[in-house]
Enquirer: 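Sharing a structure with you now.
Predicted model only: the values in this text are computed from it and were never measured. Start at 1 and go down the list; that is how both ligands and their atoms are numbered.
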Amino acid sequence: MVVRSVLLLGDPRLRERSLPVPPDAIGSPELNQLIDDLRDTMAAREGAGLAAPQIGVLWRVVIFGITHNRRYPEAPPIPETILINPEWTPLDEEQESGWEGCLSVPGRRAQIPRARRLHYQALTPDGQRIQRTVEGFHARVVQHEGDHLNGVLFPDRLPPADSVAPEEDAETGVSG
Ligand code: NI
């Protein structure tokens, strides 16, 4: 069991765009070790997900999954999922705000708007293609982890402060 240290906000490696895993690396000892390290590190830190760049490996690999998570007690279960070279597409325009945290941004949470429903596809560690259509927290996790592969962290997704509109300008019926 190898628990790797998690890079923190401010580390320039978190801002890099990670590279696709080359086809001949699927099933290699190097990739399998990376996946084991991601799994062990996520478990040790009680994360809901972890992306390879967070442990300093700039490959497009993420892991996520929730059974019961003390950091996200309200979250529905998600089976452990490892995605290699994931691609994701929102199904429609609908956005939903929800709380997010990140092992690279310790001690902080924010309400982040994300696409509510999306389709994703990727390769699995054994080289099979996985495709899912998901919504809610599962969709949120995919977008959060996918962002890591593009050098984006959740604070980058905060709505701009001047989107806080004067009450008289806001549409009625949207409070709550
Ligand atoms: Ni994160």
Enquirer: Under 4.5 Å between side-chain heavy atoms, counting indirect links through other Ile/Leu/Val/Met/Phe/Trp/Tyr residues: same cluster for Ile82 and Val21 or not?
Expert: yes
Enquirer: Does anything in residues 84-121 form a ring-ring contact (aromatic ring centres under 6.0 Å, His included)? List the pairs, not counting sequence neighbours.
Expert: Tyr120-His138
Enquirer: Please evaluate residues Arg4 and Asp36 with respect to the criterion salt bridge (charged side-chain N to carboxylate O under 4.0 Å, His left out), reporting the C-alpha separation (whole Å), side-chain torsions for both, the decisive distance (0.1 Å), and the verdict.
Expert: CA-CA 10 Å; Arg4 305 268 293 260; Asp36 286 347; over 6 Å; no
Enquirer: Leaving waters out, which protein N, O or S atoms fall under 2.8 Å from the Ni ion (ligand 1)?
Expert: Cys102 SG, His144 NE2, His148 NE2
Enquirer: With Leu118 as reference, evaluate Val142, Thr133, Thr89 under the side-chain contact (heavy atoms from CB on, under 4.5 Å) test and give the passing residue.
Expert: Val142
Enquirer: Can you check side-chain hydrogen bond (donor to acceptor under 3.5 Å, both in side chains) on Arg114 and Ser97, steps first, answer last?
Expert: CA-CA 6 Å; Arg114 298 283 188 184; Ser97 282; over 6 Å; no
Enquirer: For Asn150 and Arg60, what are the C-alpha separation, side-chain angles and deciding distance, and is it a side-chain hydrogen bond (donor to acceptor under 3.5 Å, both in side chains)?
Expert: CA-CA 9 Å; Asn150 296 329; Arg60 300 182 79 80; 2.9 Å; yes
